[in-house]
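This report concerns only the one structure given below.
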2 protein chains.
Amino acid sequence: MLTERQRMILNAIIDDYIRSAEPVGSRSISKRGDVGFSAATIRNEMADLEELGFLEQPHTSAGRVPSTKGYRYYVDHLVKLGEVNDSDLTKIRSFFTEKMTQMEEVIQHAATILSSLTNYTSIVLGPESYANSLKHFQLVPISDDAAVAIIVTNTGHVENRTISIPPDMSMSDIERAVNILNTKLIGVPLIRLKAKMHTEVGQELGRYVDQCERLLGVLDDAFNTEDENRVFLSGTTNMLTQPEFKDVDKVKTLLDLFGETPTLMRMFAGQPVGIQVRIGSENSHEAISNCSLITATYSVDGVSAGTIGILGPTRMDYAKVIGLLDVLSKDMAVLLGRWYK
Amino acid sequence: MLTERQRMILNAIIDDYIRSAEPVGSRSISKRGDVGFSAATIRNEMADLEELGFLEQPHTSAGRVPSTKGYRYYVDHLVKLGEVNDSDLTKIRSFFTEKMTQMEEVIQHAATILSSLTNYTSIVLGPESYANSLKHFQLVPISDDAAVAIIVTNTGHVENRTISIPPDMSMSDIERAVNILNTKLIGVPLIRLKAKMHTEVGQELGRYVDQCERLLGVLDDAFNTEDENRVFLSGTTNMLTQPEFKDVDKVKTLLDLFGETPTLMRMFAGQPVGIQVRIGSENSHEAISNCSLITATYSVDGVSAGTIGILGPTRMDYAKVIGLLDVLSKDMAVLLGRWYK
DNA sequence: CGTTAGCACTCAGTGTCGTCGAGTGCTAAT
DNA sequence: ATTAGCACTCGACGACACTGAGTGCTAACG
């Protein structure tokens with residue numbers, strides 16, 4: 001519904017604004033080589049584009065600024081996804097050749113790369129643990145009445161929790177219980193763990209172990225694997241260098257948001273596969289209404305597992321970020337695949 | 001070396017300034033009930049106090065502001081440590097009655113309490129792990145060539161790391177190795193672990209297990225327990241509400257500092273036992289030259305173990321913070337004692 | 001002699017005013 | 001259809017005066 005020329009002009013305006021962060025006027029567009037029209041013509045088109053809702057004017061005698069709708073059109077139709085910068089690419093690759101001993105390390109690494117290459121804030125959601133299953137379970141007594149429960153998943157992830165053990169429960173009882181639990185529960189998906197423990201294991205355990213109910217009660221806690229620690233952030237302070245955040249209050253609401261892990265998780269929940277761009281007011285959350293969030297899902301073994309994302313001002317370098325996310329999400333899939341193999 | 005009246009006036013000025021964050025003039029001091037002198041008299045004293053270095057003047061026709069030296073005198077001689085607010089106290093106590101399954105949780109909790117009660121930023125250093133010893137060691141294979149090494153300490157702390165196991169090493173070999181390691185190394189302090197593993201265990205292990213050197217090589221990694229994750233922060237954005245941080249650049253340098261865990265650890269290193277106040281330029285680090293850092297060590301089983309601290313503007317409520325730290329450091333000692341018992 | 005009232009002085013903050021310039025919208029000429 | 005030209009708008013900026021909080025000094029007071 002836009003003429004070719006209007007698209008050219010819109011593209012030029014957004015390009016300029018991304019670079020300068022200042023309202024762009026008709027003359028500066030006209031002076032660029034790529035649009036060969038006079039300022040007056042461009043002014044007319046700009047007026048039309050504003051009427052159509054693609055541009056906005058901060059005040060009468062200022063240049064134009066892209067609206068959310070403008071950015072939306074830009075990312076949907078105009079932006080040309082170039083190749084990822086060579087030096088960026090080598091940085092990514094060299095990062096991932098480093099030796100990493102924990103899955104969390106890989107994910108945190110990915111976040112760090114993203115934020116350092118873009119100068120925006122990166123948010124990475126670790127792989128969901130739904131699919132994971134129990135590999136090993138253990139109770140290590142550390143005093144008369146306390147023990148550490150350790151759960152190892154098939155992906156090598158370790159969860160641990162201190163529990164209090166019922167008094168007058170003997171060491172041998174505990175050992176026996178752990179053995180039964182291991183034989184019965186290995187391979188069971190984590191989400192089913194609690195249910196299965198009570199139904200199937202409960203009876204069997206009751207035969208051999210006194211006080212079995214109380215033990216199971218405490219273990220309930222241990223098997224509560226909330227995955228609140230799946231969110232990894234990096235470059236949170238990068239936002240402060242953006243001119244749109246020279247106001248401390250805005251900074252605070254944003255940084256406070258970063259501290260609320262559950263809210264972040266909700267923002268990322270139900271992400272469709274692939275790359276997604278949410279611009280300004282398209283975001284559900286107030287605090288980032290003048291930000292854009294670009295996310296990409298990554299999959300492990302062909303199953304969608306987690307999400308990596310970049311949060312920046314609406315005036316962000318969409319082409320670059322989309323390219324980076326594309327590359328990195330694929331690299332992560334490969335890298336994480338090793339853990340799941 | 002200060003007259004009684006000078007001390008009164010200095011005290012009044014600092015009190016006022018802590019409340020208002022604005023240069024305080026002679027008239028406003030005179031109007032307070034507690035100093036019964038005219039503005040003129042107070043002006044004279046203020047001039048003297050400035051000459052002595054306790055006060056500073058932003059510009060000629062402004063009120064006075066305490067200098068670092070002024071604050072120092074204030075905390076050393078003037079501040080009267082009142083009892084901790086009752087409602088604060090109940091908050092602390094009720095917090096700590098909550099059930100917590102991990103030591104990290106306790107520490108993070110303490111940090112959260114501090115920052116929420118003070119509206120400053122809290123920095124808590126978890127207990128040193130020097131004294132900790134090995135309670136249990138385990139290798140859980142998760143694929144043909146990888147395993148998770150798990151170390152449990154006597155305090156119930158769990159460390160885990162993914163290691164790659166040498167090819168053509170049999171399951172039974174691994175099991176045997178783990179058994180030997182467990183019998184030989186339990187009770188050994190963590191810092192000695194690597195050394196002891198090579199000297200004593202190495203020979204014994206060599207007798208039973210093939211490829212023992214290569215296994216020990218990989219385990220070296222696993223036993224590298226850097227304690228970089230001992231620092232807990234809370235309320236980092238509280239600083240943004242302080243008028244001295246309405247400049248985004250200052251905010252950024254501060255927040256960047258918060259991100260550098262090693263630097264933070266260095267700031268806390270070698271803390272003498274007890275409560276310590278470091279004011280403004282007394283701090284080694286540039287980024288917090290207009291902040292004060294108040295720290296308290298806490299001990300477990302009578303041994304100094306970690307540090308809790310509050311970072312706020314130099315214009316902070318010293319009395320309240322010192323009181324809180326005092327209470328909380330003792331509570332933490334008690335609470336953590338349970339883990340070490 | 002310590003204290004205080006009085007006074008001249010300083011200076012950041014604030015509001016007003018005119019200028020400047022980047023930018024627009026409209027009209028008429030090409 | 002395009003563009004040159006022109007009047008107009010409006011924020012940004014500097015100059016300016018005014019205000020008021022605060023000071024330092026001096027002289028008077030008890």
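Proteins get letters first, then strands, A, B, ... in listed order; numbering begins at 1 in each.
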Problem set entry | Side-chain touch A:D317/A:T118, heavy atoms, less than 4.5 angstrom |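 Side-chain contact under 4.5 Å: no.
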
Exercise. What closest approach, in Å, do A:Y120 and A:L311 show between heavy atoms, and which atom pair accounts for it?
Worked result: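 So the minimum-distance heavy-atom pair works out to CB-O, 3.3 Å.
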
Exercise. Looking at B:M46 and B:V24, what are the two nearest heavy atoms and their distance?
Worked result: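 Taking B:M46 first and B:V24 second, the nearest heavy atoms are CE-O, 3.5 Å.
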
Exercise. Between B:N44 and B:T60, who's closer to the 5' end of DNA chain C by nearest nucleotide?
Worked result: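 This one resolves to B:N44.
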
Exercise. Reckon A:S61 has a side-chain N or O less than 4.0 Å from the OP1 or OP2 of D:dC8?
Worked result: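 It does not, given that no N or O in the side chain of A:S61 lies less than 4.0 Å from OP1 or OP2 of D:dC8.
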
Exercise. Does B:R5 put a side-chain nitrogen or oxygen below 4.0 Å from OP1 or OP2 of C:dT3?
Worked result: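 For C:dT3, OP1 or OP2 has a side-chain N or O of B:R5 closer than 4.0 Å.
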
Can you measure [X] atom [atom1] to [N] atom [atom2] for me and round it to whole angstrom units?
| X | N | atom1 | atom2 | answer |
| --- | --- | --- | --- | --- |
| A:R64 | D:dG11 | CZ | C1' | 16 Å |
| B:D48 | C:dT3 | CG | P | 12 Å |
| B:I42 | D:dA21 | CD1 | C1' | 16 Å |
| B:E45 | D:dT23 | CD | C1' | 15 Å |
| B:Q57 | C:dT10 | CD | P | 14 Å |
| A:H59 | C:dG21 | NE2 | P | 16 Å |
| B:K31 | D:dG22 | NZ | C1' | 12 Å |
| B:E4 | C:dG2 | CD | C1' | 17 Å |

Problem set entry | Nearest-neighbour nucleotide for the A:T41 side chain, D:dA4, D:dT2, D:dT9 considered |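 Minimum distance to the A:T41 side chain belongs to D:dT2.
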
Problem set entry | Listed nucleotide nearest any side-chain atom of B:M46, set D:dT3, D:dG24, D:dT23 |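 The answer is D:dT23.
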
For this session: Tell me what A:A62 touches on the nucleic acid: a base, only sugar-phosphate, or nothing, going by heavy atoms under 4.0 Å.
Result: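 The answer is sugar-phosphate, as A:A62 gets under 4.0 Å only of primed atoms, P, OP1 or OP2.
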
Exercise. Hey, what's the ring geometry for B:Y17 with B:Y71, parallel, tilted or perpendicular (30° and 60° as the breaks)?
Worked result: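 Tilted, since the angle between the ring planes falls between 30° and 60°.
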
Exercise. Once the angle between the rings of B:Y74 and B:Y318 is folded into 0 to 90°, is it parallel (under 30°), tilted (30 to 60°) or perpendicular (over 60°)?
Worked result: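 Rings of B:Y74 and B:Y318: perpendicular, as their planes differ by over 60°.
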
Exercise. Do B:R43 and D:dG24 have a side chain to base donor-acceptor pair shorter than 3.5 Å?
Worked result: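 Checked by distance alone, the answer is yes.
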
